[in-house]
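Down below is the structure, laid out as structure tokens.
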Amino acid sequence: MNFITEAVAKAVKSLYQIDLNPADVNLQETRKEFEGQVTLVTFPFTKASRKSPEQTGQEIGAFLQNQVDEIAAFNVIKGFLNISLSDTYWLGKFYNEVLADDFGFIKPNGQKVMVEYSSPNTNKPLHLGHVRNNLLGYSVAKILEAAGFEVVKTNLVNDRGIHICKSMLAWQKFGNGETPESSGMKGDHLVGKYYVLFDKEYKKQIEELVASGQSEEEAKKNAPLMKGAQEMLQKWEAGDAEVIGLWKTMNSWVYAGFAETYKRLGVEFDKYYYESNTYLLGKDIVEEGLEKGVFFQKEDGSVWVDLTADGLDQKLVRRSDGTSVYMTQDLGTAQLKYDDFHMNESIYVVGNEQDYHFKVLFLILEKLGKSWAKGLYHLSYGMVDLPSGKMKSREGTVVDADDLIDEMEQTAKEQTEALGKTEGLSEVDKAELYHTIGMGALKYFLLKVDPKKRLLFDPNESVDFQGHTGPFIQYTHARIRSVLSRVASSDNTGSTVSKLFPEERDLILLLNQFPDIIEQAAKGHNPAAIANYAYEVAKAFNKFYHERSILQAEDEQTKQFRLQLSAASVNVIKKGMGLLGIEVPERM
RNA sequence: GGUCCCAUAGCUCAGCUGGAUAGAGCAACAGAUUUCUAAUCUGUCGGUCUCAGGUUCGAAUCCUGAUGGGAUCACCA
């Protein structure tokens, strides 16, 4: 569209003698109830033209039509100049750009970006909240890749700490040597079971202590289970062989379970970081901060940073006993990641309850003079809530990721069977199809909304398969594939159509936007932009499909053109859905 | 209490750097298939864009304030 903005600048200069930066020309899509594809708002020029918006529009329109070949017609309504570009122009766009194999994806820009996501605790299985995180992280990584970045996907596993000791202790006390093999349970679920059990038994002990006269607070501290867990953590830090052995065993169970869930979710990582390796990092940075005067020490030896001048609080960065806190660790890990990859940008996909933490983290790094600090970004997303309120692993009020995937597959199966679309499919094909559709529905449901908004999920209300959904888009894909499969390869080299029907033009216009949408989604770290776009494309195709026959087109040229238009549509849909981590079936 | 985020149709959500009569899906109702997959398409119904000011030729969009909801402000992670 650059040629239009330039032409407008020229028109305005020639007509009204004002110099206009082409970047200031504001073009927008023409609303569909009017004739044309591109609209110029003429109000900003009326001061210079000293004429009414309508007259100004007429004058600019006439000038443009005269000067620019591609402009076929124009009309002015109120202050809006609607420009119609010729079908030749749109067909040129279609053949030269949209139909190219690498259409949509932007050339490498030489920038490297890290996306850290998932970051689970190893004391319990993944739940719906993690699912949103994983899908967001994976999709953002894909989108950035498409936008030309080199992407490193990382997972910082929280594999140590008191919460893991709780699971370990409960297993030791009540587990009777139970293993994933002996119980038939998935490893992460088995460990999670003991985490819940710990909490249950712990509460019992508190009650007993309270009954025997202790205050609630005392009881929480004195309960034998809590003491045991703390003792275990100390032993772990001291390198106690038995504790470390148990820790390794139970973690390996969890990892096996996670690997399975990640595979079903379709996410992956290039690099894992483990907190057991990074939790001691950051002490150098504390020293550095003290030297630079960014941090200060209190009488008891604890080290702090004062951010009150920035509207924040004082924040502890090292305990009085010399040990690290969360912030210390994250400072160190940030440095480690940068040293490993020297990336230009680093994105942390973490829930919005940690907004404050990241604000502080980034600010500290900036104050320390880290040149790379400005490339840090917290992709903060809203919580997933249930109608009953917040999910709590300890209390078992969570929507488990594996259960959810099972349910989605089951629903996909029921829907597909009800529609009688399973004919001729092997059992393996069917299972794969149900997985594809079920996950398509779930992923689309979670990704189509703006990440920063909180999400309400009602387990009693099934995720839709009709309308603005993943399966709708998947279905469109399958239908196009079905049409295309009916013809042999279509490599027409001869002439093509010269006129477009509205449905065809609309579709070309929409397809043409794909690269812009990718760029916009990358800039805003927002998969929802892709999701909504893919829906628009599917809808536009369905309309075209309904109005115009492809295989029974009026003539051979039209048929070839429509086949190519279908191929371009299927391509964009497949790529777009791929950016969301959603697969598309050949039939459904 | 301080700080941050959110508020658009009965429900779930779009609405890009301010532009025309605020758009989809679901739900409800009415239609479309001798023709490429009806998980589709077409239509009807549905709105004080939370409220009040301000900036502007023009505000759902920007600014200020209020209300409602959420998060956060630990020598937990």
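Every chain is numbered from 1 and lettered A, B, ... according to where its sequence line falls, protein lines coming before strand lines.
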Hey, is A/F80 stacking on B/A20? Ring centres under 5.5 Å, planes under 30°.
yes
What residues, two or more places apart in sequence or in another chain, satisfy ring-ring contact (aromatic ring centres under 6.0 Å, His included) together with A/Y377?
A/H525
Regarding A/F445, tell me which of base, sugar-phosphate or nothing describes its non-hydrogen contacts under 4.0 Å with the strands shown.
nothing
Would you please classify the geometry between the A/F362 ring and the A/Y348 ring as parallel, tilted or perpendicular, with 30° and 60° separating the classes?
tilted
Heavy atoms only, 4.0 Å cut-off, all strands: where does A/T469 land among base, sugar-phosphate and nothing?
nothing
Would you mind classifying the nucleic acid contact of A/V41 as base, sugar-phosphate or nothing, using non-hydrogen atoms under 4.0 angstrom?
base
Contact class for A/N82 (heavy atom, under 4.0 Å): base, sugar-phosphate, or nothing?
base
At 4.0 Å (heavy atoms only), tell me whether A/T476 reaches a base, stays on the sugar-phosphate, or touches nothing.
nothing
Is A/Y535 stacked on the base of B/A24 when the test is centres under 5.5 angstrom and planes under 30 degrees?
no
For residues A/V41 and A/N26, determine if any side-chain heavy atom of one lies less than 4.5 Å from a side-chain heavy atom of the other.
no
Which part of the nucleic acid, if any, lies within contact of A/M588, taking any heavy atom under 4.0 Å across all strands shown: a base, the sugar-phosphate backbone alone, or nothing?
base
Please tell me if A/K543 has a side-chain N or O lying less than 4.0 Å from either OP1 or OP2 of B/U42.
yes
